[in-house]
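Here is how names work: the chains are called A, B, and so on, in the same order as the sequence lines, proteins then strands, and each is numbered from 1.
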Protein chains: 2
Amino acid sequence: MNQVSSFLLRIGLSPFSPDVMDTGTPAAADTSKQPRTERGRRTLRKLLDAAAVEFGERGFHEASISGITARAGTALGSFYTYFDSKEAIFQALVRDMSEAVKVAAREALAEPASALERERAALTAFLRFAAEHKEVYRIIDEAEFVDPESYRQHYETTGARILDRLREGARKGELRADLEEAHAWAIMGMNVFLGLRYAVWGEGDLPAERVAAIAGDLLAKGIAADR
Amino acid sequence: MNQVSSFLLRIGLSPFSPDVMDTGTPAAADTSKQPRTERGRRTLRKLLDAAAVEFGERGFHEASISGITARAGTALGSFYTYFDSKEAIFQALVRDMSEAVKVAAREALAEPASALERERAALTAFLRFAAEHKEVYRIIDEAEFVDPESYRQHYETTGARILDRLREGARKGELRADLEEAHAWAIMGMNVFLGLRYAVWGEGDLPAERVAAIAGDLLAKGIAADR
DNA sequence: AGAAAACTTGAAACCTGGTTCATGTTTCAA
DNA sequence: TTGAAACATGAACCAGGTTTCAAGTTTTCT
């Protein structure tokens with residue numbers, strides 16, 4: 001029911017870690033809301049885990065605070081000890097998850113390989129992660145409407161990381177030298193849609209490796225007929 | 001304020017055309033709701049146009065029926081003469097817009113060209129359309145949460161059309177023979193994300209042709225360094 | 001013309017669910 | 001031990017927006 005908690009357990013502890021780069025939303029002085037007690041930290045974590053499930057299952061608007069607190073096994077009122085509003089917890093969740101996706105990708109890129117191999121590995125990891133945590137996928141996607149700033153930040157950051165890899169590949173002479181932001185976004189879009197189709201919707205009609213192989217090979221050679 | 005109406009004027013007349021393929025949602029016996037009068041058709045159209053603006057500007061949940069009727073210049077109660085609920089008009093809108101996107105793409109593919117050229121042309125058209133009708137983009141995207149069935153149908157149909165083109169290209173020997181559904185989805189994802197980044201978000205930092213050229217060339221040759 | 005059907009109207013009923021709050025319990029440091 | 005701060009509780013409050021409805025007005029058809 002909550003494979004989510006595994007990574008939230010890891011991440012959840014720092015849901016309010018100061019934003020590395022404050023982008024617009026004042027992020028509020030949530031100092032007042034930070035738990036000062038072990039018990040408090042436990043409750044906060046339960047709420048975040050519960051929210052991930054609730055939002056993932058019912059979507060932002062269908063989801064209810066009482067649904068979250070019920071799942072968390074806390075009283076309705078307790079919610080407001082930790083979050084100012086429904087939006088606030090959603091935002092915390094989105095940022096944690098964005099981070100979680102990033103981490104998952106980074107891990108997959110641990111051992112060095114050719115630039116093309118790396119893109120394939122990254123996609124495989126992403127597909128596996130998405131299949132494992134469909135809620136994450138959904139929540140980040142819904143952020144486009146609930147918390148546009150975080151949504152934008154997520155994709156801009158992700159795009160920038162892809163571009164970095166492309167440039168690195170170009171530097172090593174493995175990739176073309178003229179790659180730019182648009183290439184990174186094209187690859188990102190590819191990945192996201194393949195994730196939607198095969199990881200989130202697909203009941204595994206194509207395994208992650210296969211999908212990643214197809215995309216990798218598309219990146220390597222294009223789709224034109226061999227001459 | 002409503003460049004939308006132009007295409008809705010065209011499409012709006014048949015918002016209830018029987019679904020070619022009923023997919024799950026019973027689509028209800030909307031026979032009862034079909035206008036039987038010229039006046040009725042006019043009002044229905046006003047409501048759809050207004051809804052496109054309202055939903056596009058405020059998103060599904062922020063949008064209100066009274067907002068729609070106010071923009072349409074009709075009474076609140078009249079809304080329910082034509083739609084059963086907020087969801088119902090949203091669905092009608094999504095399906096119309098899905099159709100509109102399809103039409104725009106078809107038009108761009110009017111004159112024959114090489115398979116790769118066609119993909120580039122399709123993307124250019126899509127980017128132009130998206131820039132022109134950001135609301136459409138947003139509404140279709142939000143359907144993922146408000147009306148998942150229509151959302152899925154939109155992308156499955158679109159993906160299928162792309163795949164058809166790829167197969168056609170393969171048949172003519174211009175494209176590789178091993179292209180499959182995943183390739184179509186990869187291309188679709190590419191297009192959608194480039195649309196989001198450069199048509200919807202971008203203030204035209206890159207013109208549609210340039211973006212389409214980059215993507216087209218990625219499809220043609222891949223991103224590996226020339227050997 | 002006359003009557004039925006189609007359509008319009010906007011006030012008000014109705015619901016839902018986010019948020020508040022006053023009261024109690026637990027934790028922790030001195 | 002003890003008091004203050006942190007945290008927990010859930011009934012009640014409340015705003016806002018969807019939906020209903022009964023009473024008109026316009027259109028269509030014979």
Side-chain angles (χ1 to χ4, degrees), chain A residues 12-13 15-16 28-51 54-55 57-93 142 145-147, chain B residues 12-13 15-16 28-48 50-51 54-55 57-93 145-147:
Chain A
L13 286 168
F16 293 117
D30 41 34
T31 315
S32 61
K33 298 282 180 178
Q34 271 197 73
R36 278 156 228 289
T37 292
E38 183 49 35
R39 177 168 64 144
R41 277 185 287 276
R42 246 181 350 247
T43 306
L44 172 55
R45 192 148 61 234
K46 282 195 292 180
L47 285 172
L48 281 169
D49 287 352
E54 175 84 359
F55 284 135
E57 245 169 49
R58 326 218 306 164
F60 181 80
H61 294 278
E62 290 302 303
S64 68
I65 312 274
S66 59
I68 293 172
T69 52
R71 286 181 205 266
T74 70
L76 181 50
S78 294
F79 178 88
Y80 291 89
T81 304
Y82 300 98
F83 299 97
D84 285 326
S85 64
K86 197 180 174 185
E87 277 78 15
I89 194 175
F90 187 86
Q91 180 176 70
L93 221 44
E142 194 163 16
F145 307 98
V146 177
D147 180 14
Chain B
L13 287 167
F16 292 117
D30 41 35
T31 315
S32 61
K33 298 281 179 178
Q34 270 197 73
R36 278 159 228 288
T37 291
E38 184 48 37
R39 177 168 63 146
R41 276 186 288 274
R42 247 183 347 249
T43 306
L44 172 56
R45 192 150 60 232
K46 281 196 293 181
L47 285 172
L48 280 169
E54 174 84 0
F55 284 135
E57 243 168 52
R58 328 219 305 163
F60 181 79
H61 294 278
E62 291 302 302
S64 69
I65 312 275
S66 59
I68 293 173
T69 52
R71 287 182 203 266
T74 69
L76 182 49
S78 293
F79 178 88
Y80 291 89
T81 304
Y82 300 98
F83 300 97
D84 284 327
S85 65
K86 199 180 172 183
E87 278 76 14
I89 194 175
F90 187 87
Q91 180 177 73
L93 220 44
F145 307 99
V146 177
D147 181 12

Rounded to whole Å, CZ of B:Arg39 lies from P of D:dT25 at a distance of 12 Å
Students often get this wrong, so: under 4.0 angstrom with heavy atoms, is B:Ser78 touching a base, only sugar-phosphate, or nothing?
base
To the nearest 0.5 Å, how far apart are CD1 in A:Ile89 and OH in A:Tyr82?
11.5 Å
Think B:Ser85 has a side-chain N or O under 4.0 angstrom from the OP1 or OP2 of D:dT19?
no
A:Pro35 side chain: which of C:dT9, C:dA12, D:dC7 is closest?
D:dC7
Lys NZ or Arg CZ of B:Lys33 over B:Phe83 ring: under 6.0 Å, within 45°:
no
A:Ile65 has its side chain closest, among C:dG18, C:dC7, D:dT9, to C:dG18
5'-most contact on DNA chain D: A:Thr37 or B:Glu87, nearest heavy atom basis?
A:Thr37
Per B:Thr81 side chain, nearest of listed nucleotides D:dT9, C:dT8, D:dT19:
C:dT8
Taking any strand in view, what nucleotide pairs with D:dT26 in a Watson-Crick or G-U wobble way, both distances under 3.5 Å?
C:dA5
What contact category does B:Gly40 fall into here, base, sugar-phosphate, or nothing, at under 4.0 angstrom with non-hydrogen atoms?
sugar-phosphate
Are any of B:Thr43's side-chain N or O atoms less than 4.0 Å away from OP1 or OP2 of C:dT8?
yes
I want to confirm an ordering. Mapping B:Leu76 and B:Arg42 to their closest nucleotides on DNA chain D, which one lands closer to the 5' end?
B:Leu76
Any B:Arg36 side-chain N or O less than 4.0 Å from OP1/OP2 of C:dA6:
yes
Heavy atoms only, 4.0 Å cut-off, all strands: where does B:Ala63 land among base, sugar-phosphate and nothing?
sugar-phosphate
For D:dC7, take OP1 and OP2 only and decide whether either is under 4.0 Å from a side-chain N or O of A:Tyr80.
no
Taking the side chain of A:Tyr82 as heavy atoms from C-beta outward, which of D:dC7, D:dT27, D:dT9 is closest to it?
D:dC7
What is the distance from CD of A:Glu38 to C1' of C:dT26, rounded to the nearest Å?
14 Å
What integer distance in Å separates B:Phe83:CZ from D:dT20:C1'?
18 Å
